[in-house]
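Below: one structure, written as structure tokens.
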Amino acid sequence: MLERLRDDFKKVFEVECTTNYFSPGRVNLIGEHTDYNGGMVFPCAITYGTYAVVRKREDRIVRLYSNNFQNIGIVEVSLDALVFDKKDDWANYAKGVMYFLQEEGYNLTGFDILLEGNIPNGAGLSSSASLEVLIGTICKEECNLSIDMVEIVKISQKAENKFIGVNCGIMDQFIIGMGKKNHAIALNTATLEYVYAPVQLDDASIVIMNTNKQRGLADSKYNERRGECEEALAILQKHKDIQTLCDLSVKEFEEISHYIKNEVILKRAKHAISENERVKEAITALENNDITTFGKLMNASHISLRDDYEVTGKELDTLVSSAWKQDGVIGARMTGAGFGGCAIALVKNDKIEEFKTNVSKEYTEVIGYAPDFYIASIGDGARKVC
């Protein structure tokens, strides 16, 4: 892959590249829509991601090219004039990270960057966050910035929030920056305290199931859901000293939930708080090597996302309900923001081929087109590579 990208770089920019980088995608094993509610998440970085080949320039010009969006061509910008421009499409994510790095006082120079990702765009595996953290890592290494990965993560989230206009939480950028091979991260999104947890699946694997229904976060109801949670929090804060919804246990929530009169707002809060407790239970289950309980919690997570948070939809529900019927399946749920994208299943290795055949058949009959499947390995975070 990198050798081909280096050849592509020379064709596009007519110079040789000097360095190579990789930034992973992610799946969240459990803990969906808790990250902007101050809760726990349990994601892992995967070995699918975004590659970049780079050459540092001596001026203030940045030239960006993606093999995934060849029709857009080279996007050329000045570091002194970084503004959102709809026609620049994917490059706005890169521009946003560089804009906020400079706003924080970091001195940048220009680059030529060619990228290619093997994360399906719009599949909910965090291709945008992968790109953001990749750009932050390139800037750190090429410009010798005194910045740690957690700060790169925060700036990447800020770029998506303030430059792109998507009110995402910090989970995606955090796991992409801080990922560790064969480990998930138990992350408290309110404090950014985290611990690495070994993921020992023994004779099972993580199967990513792509609905092939793309969804753009900025155009989805993602921001609407976040607003509904903020409304629930504002009501409950009048009756309980809390900073976030996930400061509440399920029991504490039940004691004061009657103050929320709007049924929809009530359901949104119920999901966030119950999902937070499921994450804690799931982490304990993995620590005890109790993969059966972990799978049941995954199933319960999807049901809550379907019924209380209402972010699944026909495609994701068809995939997951089909997965639940198959032999060798330990658990299955949607992953990511929802509204399309991907689901994941824990499947016994000797049943994976049968699983893919059966789920694909049922999904195609119901939806009208086929899903895609990827067997995920848990890998390291964003980094410079040889």
Side-chain angles (χ1 to χ4, degrees), residues 1-26 45-70 72-80 82 88 90-102 104-119 126-156 159 173 175-181 379-386:
M1 165 78 97
L2 286 173
E3 185 175 346
R4 176 173 59 79
L5 292 185
R6 287 191 286 267
D7 290 340
D8 291 346
F9 185 97
K10 189 171 183 179
K11 292 173 187 173
V12 170
F13 295 118
E14 299 180 336
V15 289
E16 299 278 358
C17 66
T18 56
T19 43
N20 314 309
Y21 294 86
F22 176 76
S23 181
R26 70 95 188 92
I46 57 177
T47 48
Y48 294 94
T50 313
Y51 295 84
V53 288
V54 180
R55 183 181 182 90
K56 186 177 177 181
R57 298 171 60 95
E58 298 304 318
D59 55 18
R60 300 274 294 165
I61 298 299
V62 175
R63 296 191 296 174
L64 301 160
Y65 183 88
S66 171
N67 279 347
N68 300 100
F69 299 94
Q70 294 182 17
I72 294 174
I74 297 173
V75 176
E76 183 173 315
V77 296
S78 167
L79 287 167
D80 300 312
L82 294 171
D88 290 341
W90 68 272
N92 285 301
Y93 292 90
K95 291 193 292 182
V97 173
M98 292 183 286
Y99 176 88
F100 284 110
L101 279 169
Q102 291 186 133
E104 293 293 324
Y106 295 104
N107 294 317
L108 303 183
T109 188
F111 310 98
D112 292 336
I113 304 176
L114 183 143
L115 306 104
E116 182 172 326
N118 57 12
I119 308 171
S126 293
S127 56
S128 60
S130 178
L131 172 58
E132 290 156 2
V133 177
L134 177 65
I135 295 297
T137 303
I138 290 169
C139 290
K140 170 188 167 68
E141 295 293 335
E142 299 294 323
C143 300
N144 297 313
L145 305 183
S146 296
I147 183 172
D148 64 20
M149 184 56 81
V150 172
E151 188 63 23
I152 290 174
V153 163
K154 290 178 179 177
I155 286 172
S156 297
Q173 291 84 358
I175 184 60
I176 285 165
M178 303 293 288
K180 183 177 178 182
K181 186 176 182 180
D380 291 319
R383 60 201 182 273
K384 189 176 181 178
V385 294
C386 296

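We number each residue from 1, following the sequence as shown.
A donor-acceptor pair under 3.5 Å is absent between the side-chain atoms of N20 and the main chain of V53, judged by distance alone. The closest donor-acceptor contact from the side chain of Q102 to the backbone of L79 lies under 3.5 Å. Remark: the backbone N or O of P24 is not paired with any side-chain donor or acceptor of T47 at under 3.5 angstrom.
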**Prompt:** Given T19 and E142, is the side-chain hydrogen bond (donor to acceptor under 3.5 Å, both in side chains) satisfied, shown in steps?
**Reply:** CA-CA 9 Å; T19 43; E142 299 294 323; 2.6 Å; yes
**Request:** Run the numbers on V62 and L82 for side chain to side chain contact (heavy atoms under 4.5 Å, CB included), then give the verdict.
**Result:** CA-CA 10 Å; V62 175; L82 294 171; over 6 Å; no
**CA sep, side-chain torsions, deciding dist, call: Y106, E151, side-chain hydrogen bond (donor to acceptor under 3.5 Å, both in side chains)** = CA-CA 12 Å; Y106 295 104; E151 188 63 23; 5.2 Å; no
**Request:** Evaluate the side chain to side chain contact (heavy atoms under 4.5 Å, CB included) criterion for residues L5 and D8: first the C-alpha distance (whole Å), next the side-chain angles of each, then the deciding distance (0.1 Å), finally the verdict.
**Result:** CA-CA 5 Å; L5 292 185; D8 291 346; 4.0 Å; yes
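F100 and I155 get closest at one heavy-atom pair: CB-CG2, 3.9 Å. Of all the heavy atoms in C143 and K56, the pair that sits closest is CA-NZ, 4.5 Å. Summarising the geometry of Y65 relative to F13, their closest heavy-atom pair is CB-CZ, 3.9 Å, with the distance given to 0.1 Å. Taking all atoms of both residues into account, the shortest heavy-atom contact from G177 to V153 is CA-CG2, 4.3 Å. Shown here for S23 and V133, the closest heavy-atom pair between the two residues is OG-CB, 4.2 Å. Considering all non-hydrogen atoms of both residues, T137 and M149 come closest at OG1-CE, 3.7 Å.
Atom OG of S130 and atom CZ of R26 lie 11.0 Å apart (nearest 0.5 Å). Atom CG in L134 sits 12.0 Å away from atom OG in S127 (nearest 0.5 Å). Between I152 atom CD1 and E132 atom CD the span is 12.5 Å, to the nearest 0.5 Å. Between the CD1 atom in I147 and the CD atom in E104 there is a gap of 8.0 Å [rounded to 0.5 Å]. The distance from the CG atom of D380 to the CD1 atom of I46 is 13.5 Å, given to the nearest 0.5 Å. Rounded to the nearest 0.5 angstrom, T50 OG1 and L131 CG are separated by 6.5 Å.
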Expected list for residues 108-116: side-chain donor-acceptor pairs under 3.5 angstrom, two or more places apart:
unit_1 : atom_1 : unit_2 : atom_2 : d
T109   : OG1    : R57    : O      : 2.9
T109   : OG1    : D59    : O      : 3.1
D112   : OD1    : R57    : NH1    : 3.2
D112   : OD1    : R63    : NE     : 2.9
D112   : OD2    : R63    : NH2    : 2.9
E116   : OE1    : R4     : NH1    : 3.0
E116   : OE1    : R4     : NH2    : 3.3
E116   : OE1    : N67    : ND2    : 2.8
E116   : OE2    : R4     : NH2    : 2.8

Do any side-chain atoms of residues 91-98 form donor-acceptor pairs under 3.5 angstrom with protein atoms, and if so which ones, sequence neighbours left out?
unit_1 : atom_1 : unit_2 : atom_2 : d
N92    : OD1    : D85    : N      : 2.9
N92    : OD1    : K95    : NZ     : 3.2
N92    : ND2    : D85    : O      : 2.8
N92    : ND2    : D89    : O      : 3.1
K95    : NZ     : V83    : O      : 2.8
K95    : NZ     : D88    : OD2    : 2.8

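When the options K10, R55, R6 are evaluated for a salt bridge (Lys or Arg N to Asp or Glu O under 4.0 Å) with E16, the one that passes is K10.
Residue Y99 qualifies as open at atom OH: its count of foreign heavy atoms under 6.0 Å is 12 or below.
Take F22 and apply the ring pair (Phe, Tyr, Trp, His ring centres under 6.0 Å) test, not counting sequence neighbours, and it matches Y51.
A heavy-atom distance below 4.5 Å is not found between the side chains of I72 and S66.
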